[in-house]
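This report refers to the structure that appears directly beneath it.
Below, chains carry the letters A, B, ... as their sequence lines are ordered, and counting in each starts from 1. Note: hydrogens, waters and symmetry copies are ignored here, and every other heavy atom, side chains too, is used.
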Amino acid sequence: MKFSVTVILKKDVLDPQGKVVQNTLMNLGMDNLKSIRQGKFFEIEIDEKNQDIAQQKVDEMCKKLLVNLIIEEYKISKI
Amino acid sequence: MKFSVTVILKKDVLDPQGKVVQNTLMNLGMDNLKSIRQGKFFEIEIDEKNQDIAQQKVDEMCKKLLVNLIIEEYKISKI
Amino acid sequence: MMRINSKIIEKHGLNEEEYKNIQKLLNRNPNLLELGIFSAMWNEHCSYKSSKIHLKKLPTKGKQVIQGPGENAGVIDIGDDDAIVFKIESHNHPSYIEPYQGAATGVGGILRDVFTMGARPIALLNSIHFGSPSHHKTKSLLNGVVSGIGGYGNCIGIPTVAGETKFNATYNENILVNAMAVGHAKKNKIFYSKAKGINKSVVYVGSKTGRDGIHGASMASAEFDENSEEKKPTVQVGDPFTEKLLLEACLELMRDDSIIAIQDMGAAGLTSSSVEMASKGSLGIELELDKVPCREENMTPYEMMLSESQERMLIILEDGKEDHARKIFKKWDLDFVVIGKTTNSKNITLKYNNKIEGEIPIEALSSKAPIYERKWTKKPISKNQIDLKKLKKIEIEDSLIKILSSPNHSNKNWITNQYDQMVMCDTAQRSGSDAAIIRIHNKDKAIAVSVDSSANYCKSFPISGGKQIVCENWRNIISVGAKPLAITNCLNFGNPENSQIMGEFAECLQGISEACKFLDYPVVSGNVSFYNGTNKKNIYPTPVIGGVGLIQNLSNPINHLFKKDNSIIILVGKTFGHLGQSCFIKENYSINEGNPPEVNLKNERENGENVLSLIQKNLVLSAHDVSSGGLLVSLSEMSIASNLGVKIQKPKKLTNINEYFFGEDQSRYLLEISADHLTRVEKNLKENNIFYELIGKTQKKYFEIEDEMKLDVNYLSKINNQWYYNY
Amino acid sequence: MKSSVIVFPGSNCDRDIADALVKMQFKNQMVWHKETNLPKSDLIVIPGGFSYGDYLRSGAIAGKSLIIDEVIRAANAGCLVLGICNGFQILTETGLLQGTLLRNKHLKFINKDINIKVMNNKTKFTSKYKINQILKINIAHNEGNYFTNSKHLEEIKKENLIAFQYCDEKGNINNDSNPNGSMENIAGIFNSKKNILGMMPHPERMIDKLISNTDGVNLFSSLLN
Ligand SMILES: Nc1ncnc2c1ncn2[C@@H]1O[C@H](COP(=O)(O)OP(=O)(O)O)[C@@H](O)[C@H]1O
Ligand SMILES: [Mg+2]
């Protein structure tokens, strides 16, 4: 079973990367860009037939390692 | 209009990040993990009503800056 | 089985004659796997088929040399039980395709060459050449390469301490990325790649094998293998973390006597490493390819043998050491697999699922590989003389500013600030000076390292250019108070099948060779990179010299920063005012004709030895060689670095002030001497018949030529620092 | 005084800090990350480097290593803990220190000598420095941009838990003297009990005149007191 996880900095956390990317895109002439935020993306495949259990496992991975809950938030979707 | 972009290394390209994360998760007891690949994620908001044009703009951003086409592939979705 | 046809042969970079030769050597047709192996071993990169006869002319011996060219890296003796292991290598083409990964894997590759020999790497250097700053690709290539070099070195924890960065339209379509690594080893603990003994375990360690960098070859298979998706060569991605593990694991295993031979998997990965070890030991080798750790599913023997995945090594172990070695690699979480053994067959034998998939005599791949004596033509001396009177007059101040603010002469802090220069805590002189100084850990001695090139000089007259780069490198080493010991060289040239390019190669080598012989500065390792350029447009010949020198006692390291005001400035060496190929002419008038300055090797040697002896006697406060840009540019570099000014007199005799201040005559040094040492210094120089001039004094705040110009040093500094930030 | 340096596979300042400790007369031991027992120590140092390549987040994976539980236990029992550079990042990942270290504001690795000001010298780590003393120390990092929530920031300001702030040669603390974008120019912080210090600059690189300067020496001699 396959899941995607997207991780992104919480709103109130400074995002230096997003800021630089945004400036660069503006300089490249993309002037109708309103905002861009950069995060991480994981594609996770797991050996488990039961979707609930699988999703729970993925959630555990996020909490244990993939996400820094103090500054980041995440979303899991089945793919 | 808002889009999400996920960027991931092409198949066959070494993914040192995914490798270390996978080992660590295994060590943390996640033994039914089959594979994990790490990529980038962008949330882009753009000032444009026409979806086609907007999507095209986002595609341009990807090609120009966000994605390294030599080693990465990407997917744009409206959100 | 796929039939070999002319198209496949061509895709493998082999010509018809070479293919016939293969048939003769095998006494049959090769299969695809065998063809791939021949193609890898016979290509320019592995076989040196175009360069070999010329390389033989380089001096490679000397009291200080422990190991010359032919091993993974050169080894020199620095006294006691210490040895220095070093080499330079190019990663030009991969860096043009993917600058970050190309440069990063370049650094990774050269590091492996050094630690394979039992040395702990202690310094990294790089020579990077880009196209014109106005070319649309330059900026992103520059940024990518610099962060790739930093990314790898910073992560693995080896300081990147020196280098050079140049811009020239000749590299628009073909940048140069040369990386040099320097390591320290115990003299009696050097490891070599020569296999010994039969039935010894051949061990694969490091990362898994993927489909990285399998070139033209795999395109051929894509065309002819009907059920395969298109297989493009995959860009190699560097993994400095794994390299760090590999480095530590190898050095740990090297503490005892488990290893018979060791070889990193560089270009042509498993193929060249196994063939080289067998060839050096006049043995055979048998590999069971099903045991090779693979990253992807369904990899074929062909792919495994030609993969250029990074961070891998091949080791031949003494009997019974397998478990001991396995434990070490396991500790570092690395793959460790016995994949074969040495044999007495003198063949490389490749098995897959117990079936022989390919078998080739080792000799056919090594000593019987083609060697070419390619046609080459001499470069005529240019008849064009520069007549300054015919050129538009330009103020000296304006020229200086123009040069200092140009991309080539602007301060490179914005690059070197991205490299960890201090990790390992032995960097006594960081980037910015003529050479970097690295202390030997826990000892009083240190080495000095520098890389140099002068493509413009080499292009206009290759023999002089070749001599000049060796001499400039020697000067840079001396300027930090080190005795030059030996060099490595990276020879970046165009298409060797073109007789003019081959002429540039032969003549540059002649120049390098003459200078090295005269200065007792032997070549202990190196690398050749041909085919730089596109569509008949070849790059300027760009040999790069990487030198190493020794400072016996590092109690008082010296650099090019003025130390105080009111000291005397001495210019050692004669100034004739040679402007051909100078920065002055290029920046102000965009003139490309003219001959480069000639080097008088006797003066070079004598000036250098005397400067070194003055430094060693602690009579010199600061020192700098005079190179590109001439006297005034060198002086301003000393000023800018130290925030102290100078007051210089105008030349007494010389007719033209621009010739005097911007001429690029060779073998010159600037020395800052404390007034109370002046008599001793002059006496020393006179006794040895060294030509010198007292040209002025240091002063606070102003960079001044009497009755000619006066600028605030802060202003010069600003001029010199702004190029990149405005780019 | 007994010290332990924790070694992760990708640590690369481990030897540097160990040398500094030995030079300063500590009895030092190296402790491999797979160990589950920490030798008795008065000081634990987590050195700089790229503990696991730092591909996910700096220090994230090291924060899950076997030895870390022991470090946390010792720290909670009052043992002195010093995290330098990657060590600081690891301490925030384990929660021993609050906040986090984001990418440098210019997204580039920075290596240079910068100035920092000693903001609190009434701690075991800094007692030998003068208050407001300006030190010149080398930094080398990609992620040194300190960030924390406003509540914690207030707290560390009120309780004097900021160890060092980036400044210029004259001691001015402002945007121009902030190399990486850190909040309030923070270069190092203590936990509330002040037995844990995390800092981005590398004091172990500043103990030898021949190589740099000796501005780092007093950090070690403070600890010896
Ligand atoms: N890519 C680079 N990496 C490291 N150091 C560099 C790089 N480019 C330039 N430098 C440093 O900048 C200084 C000036 O370079 P250069 O003008 O080539 O010196 P020189 O003329 O003495 O050979 C040197 O100290 C050199 O090490
Ligand atoms: Mg120089």
- B:Gln56, CD atom: more than 12 neighbouring heavy atoms under 6.0 Å: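 No, not enclosed.
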- Item | Within 6.0 angstrom of A:Lys34 NZ, more than 12 heavy atoms from elsewhere |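 It does not: A:Lys34 NZ has 12 such atoms or fewer within range.
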Examine whether an atom of [X] lies under 4.5 Å from a heavy atom of chain A, and if so say whether it belongs to the side chain, the backbone or both; otherwise answer neither.
| X | result |
| --- | --- |
| B:Gln38 | both |
| B:Met30 | side chain |
| B:Glu60 | both |

Handout entry: Spacing of OG belonging to B:Ser4 relative to NZ belonging to A:Lys75, to within rounding of 0.5 Å
Key =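 Reported value, rounded in 0.5 Å steps: 7.5 Å.
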**Request:** Answer with side chain, backbone, both or neither: which region of A:Glu48 has an atom nearer than 4.5 Å to a non-hydrogen atom of chain B?
**Result:**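 Contact with chain B is through the side chain of A:Glu48 alone.
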Sole candidate of A:Val5, A:Ile46, A:Val58, A:Leu66 that passes side chain to side chain contact (heavy atoms under 4.5 Å, CB included) when paired with B:Ile36: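 Among A:Val5, A:Ile46, A:Val58, A:Leu66, the one meeting side chain to side chain contact (heavy atoms under 4.5 Å, CB included) with B:Ile36 is A:Leu66.
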Positive for side chain to side chain contact (heavy atoms under 4.5 Å, CB included) with A:Ile44, one of B:Val21, B:Leu25, B:Leu33: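 That would be B:Leu33; it is the only one of B:Val21, B:Leu25, B:Leu33 passing the side chain to side chain contact (heavy atoms under 4.5 Å, CB included) with A:Ile44.
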task: Work out which heavy atom in A:Phe41 is nearest to a heavy atom in B:Lys40; give both atom names and the distance.
output: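 Minimum heavy-atom separation between A:Phe41 and B:Lys40: CB-O, 3.5 Å.
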